[in-house]
Amino acid sequence: MNYFLTYTVYVLILSVLMGLSTWKLFKKLGYNPLFAFIPFYNYFIILKETKHPKWWAVLSYLPIVGPIMMTVFHIYLMKKFGKSALLTAILPFIYMATVNYGKEVELEDENDLFLTDEEKNAKKKDSFLGSVTFAVVFATIIHVFITQPFGIPTGSMERTLLVGDFLFVNKWSYGYRLPMRPVAIPFLQGTIFDSGEKGNPKDDPKSYVDGVKLPYERILQFNKPQKNDVVVFNYPQDSVHTAIDRKDPYVKRCVAVAGDTFEMRVGRLFVNGKPEMVLGDQEVQHAYTVNTGTQLDIPGLYNTYGFLPVREMQDDKGFVYMFQGLTDKTAKEIKALPNVIGMEESIFPKDSATVSYKLNADKTAYTKSIDTTQSIFPINKPWNQDWYGPLKIPKKGDVVTINQETLPEYQWIISKYEHNKLENKNGKIFINGKETNQYTIQQDYYMMVGDNRDASLDARFFGFVPEENIVGKPMFTWMSIQGAFKDASSSYQAPWKIRWDRMFKATNTGEANKTSYWWIAAMILILFFGWEYFMKLFGKKKTEDDL
């Protein structure tokens, strides 16, 4: 069933529930009881009768926003009859049905002349709560349908995007992906809080209702990710969340698109046999091991180069520093320091497969299995992060050969991303119950890799990124705080400071020197917070002129 048909079914179910639980109340309001069953119009009537903006009715059934607004509208209706707001919010259709089919209820007199002081104060509180609720709804609409804030907690894109950069992501860059879990808590991605084993999200309460689901659909898609775009996407192999749009968000550079061939040679990236094109705002980095006779002044290096994640160790000959990522320029300058004895780029040997294992406890023994999150993709190739490929990126319509050799490359595509039943029995491969040696790719895929090449969990480990996982493109950095996130892999931590020079600068221009648009942000903030003041001032001036 497609997205819009499924969505229509949900709307009809909710409308029937609304009608069955309120039709007698609508009759009391002086309307035809059948109006309680008509989507949108039923809430239009409630808003009209409770003297609220009638256009709010269009928000009734929007994903994520709709459940909030419905609750508000139900409370408005129940208060017309003097009933409990709390019970209406907790047991909406059940409590409304109890009122609807219970003893005769009467409309309350809303004439302020007959209200007690206590009732007037309660009315003011309701008005304030309504304002707060609508502010939350407005922010939710922006968050869900236009742009989403995103923080950079790791150094995989250093120095292009820094740890502690906070971005706004344009959800319309590659067409808008419609929400797939329409009932959810606003502003939360996948879980509400860490309630069980620390750092294990599998036992944490989800921020959405997984049983109410809509299929993948993207509208107004005029562009697709291009090579060198910085892209935000949902982590494909997230095993915690079945909803695509609730999987953990990642940000990497799209280095190869559908149909391209990706390869790493001696830690350097090649696409279709040619070296990558490095943009002006892109700073590719690599890992280095540095031996020194005396201790390096890491805080001093921070002041010069910014945060440089590093592991410091001491041996009989002096100190050993394992830098997570240095640009060619920074590496050259550190090598020239007087106390540096030797410096070498960390490169994995060719044909040394990077495969990790994990122990799984059962009742009788420990069993060893491959840890796919930390192993090079696909797991049956003798590749590592510095010597990788060549690997062709699947394109929609490609017919690929499926056998025991190619299955690790395509099994996630067939079973997880394109939702088929895949079986590998007695050396034979079955897709949806039929034995086959071919498969037709149903969507485009992409290769997403971090600019900090040796400190990036990227497509070399988790494989192709499906088009349906694409969220959008970062627009600009609205805040940048050094030291906002701790780096467990570094012996030193960056000192806390605000990076004023990075704020309100675009992230995807490709230019080395970006223009700051802080003045536009300041104007928006002034208008946002000063709107009421300006309106009062304008209204006062108009009154004086009339006199």
Item to check | Residue pair I470 / P225, side-chain heavy-atom distance below 4.5 Å | outcome: yes
Item to check | Heavy-atom check, side chain of P182 versus side chain of Y61, under 4.5 Å | outcome: no
Checklist outcome for this item: Applied to residues 30-44, the side-chain hydrogen bond (donor to acceptor under 3.5 Å, both in side chains) test, sequence neighbours excluded, yields Y31-E49, Y43-H74
Checklist entry - Do F476 and F168 have ring centres separated by under 6.0 Å? => result yes
Checklist entry - In terms of the angle between their ring planes, are F166 and F485 parallel, tilted or perpendicular, with boundaries placed at 30° and 60°? => result tilted
Checklist entry - Quick one: does L14's side chain get under 4.5 Å of F93's, heavy atoms only? => result yes
Checklist entry - Hey, does I376 have a side-chain heavy atom less than 4.5 Å from the side chain of R460? => result yes
Checklist entry - Parallel, tilted or perpendicular for H52 and Y76, by the 30°/60° rule? => result parallel
Checklist entry - Of the options M96, K27, K28, which is the one that meets T22 in a side-chain contact (heavy atoms from CB on, under 4.5 Å)? => result M96
Checklist entry - Under a 4.5 Å cut-off applied to non-hydrogen side-chain atoms, are V400 and I413 in contact? => result no
Item to check | Main-chain N/O of S195 paired to D204 side chain as donor or acceptor, under 3.5 Å | outcome: yes
Checklist entry - Is R177 reaching over with its side chain to a backbone N or O of E468, donor-acceptor style, under 3.5 angstrom? => result yes
Item to check | Short side-chain to backbone donor-acceptor contact, R253 and M448, under 3.5 Å | outcome: no
Checklist entry - Checking K171 side chain against H143 main chain: does a donor-acceptor pair fall under 3.5 Å? => result yes
Checklist entry - Distance under 6.0 Å and angle within 45° of the ring axis: does K425 meet both against F430? => result yes
Next on the checklist: Between W172 (side chain only) and T147 (backbone N and O only), is there a donor and an acceptor less than 3.5 Å apart?
Outcome noted: no
Next on the checklist: Could you check whether E409 and N380, counting side-chain N and O atoms only, form a donor-acceptor pair closer than 3.5 Å?
Outcome noted: no
Checklist entry - With no hydrogens and no angle check, is any side-chain donor or acceptor of N272 less than 3.5 Å from a backbone partner on T261? => result yes
Next on the checklist: Taking the side chain as everything from C-beta on, heavy atoms only, tell me whether V240 gets closer than 4.5 Å to D248.
Outcome noted: no
Next on the checklist: Within this structure, what is the CG-CD1 distance for the pair L167 and I152, rounded to the nearest 0.5 Å?
Outcome noted: 4.5 Å
Item to check | Residue pair L34 / F26, side-chain heavy-atom distance below 4.5 Å | outcome: no
Next on the checklist: Is it the case that the side chain of S207 and the backbone of G190 share a donor-acceptor pair, with hydrogens and angles ignored and the cut-off at 3.5 Å?
Outcome noted: yes
Checklist entry - Would you say the side chains of K80 and T50 form a donor-acceptor pair under 3.5 Å? => result no
Checklist entry - Is the F462 ring parallel, tilted or perpendicular to the Y250 ring (thresholds 30°, 60°)? => result perpendicular
Item to check | Donor-acceptor contact present, side-chain S15 to main-chain V11, <3.5 Å | outcome: yes
Checklist entry - Tell me, do F233 and Y446 make a side-chain contact under 4.5 Å, heavy atoms counted? => result no
Next on the checklist: Just checking K224: does its NZ atom have more than 12 heavy atoms from other residues, nucleotides or ligands closer to it than 6.0 angstrom?
Outcome noted: yes
Item to check | Charged N-O contact under 4.0 Å between D260 and K227 | outcome: yes
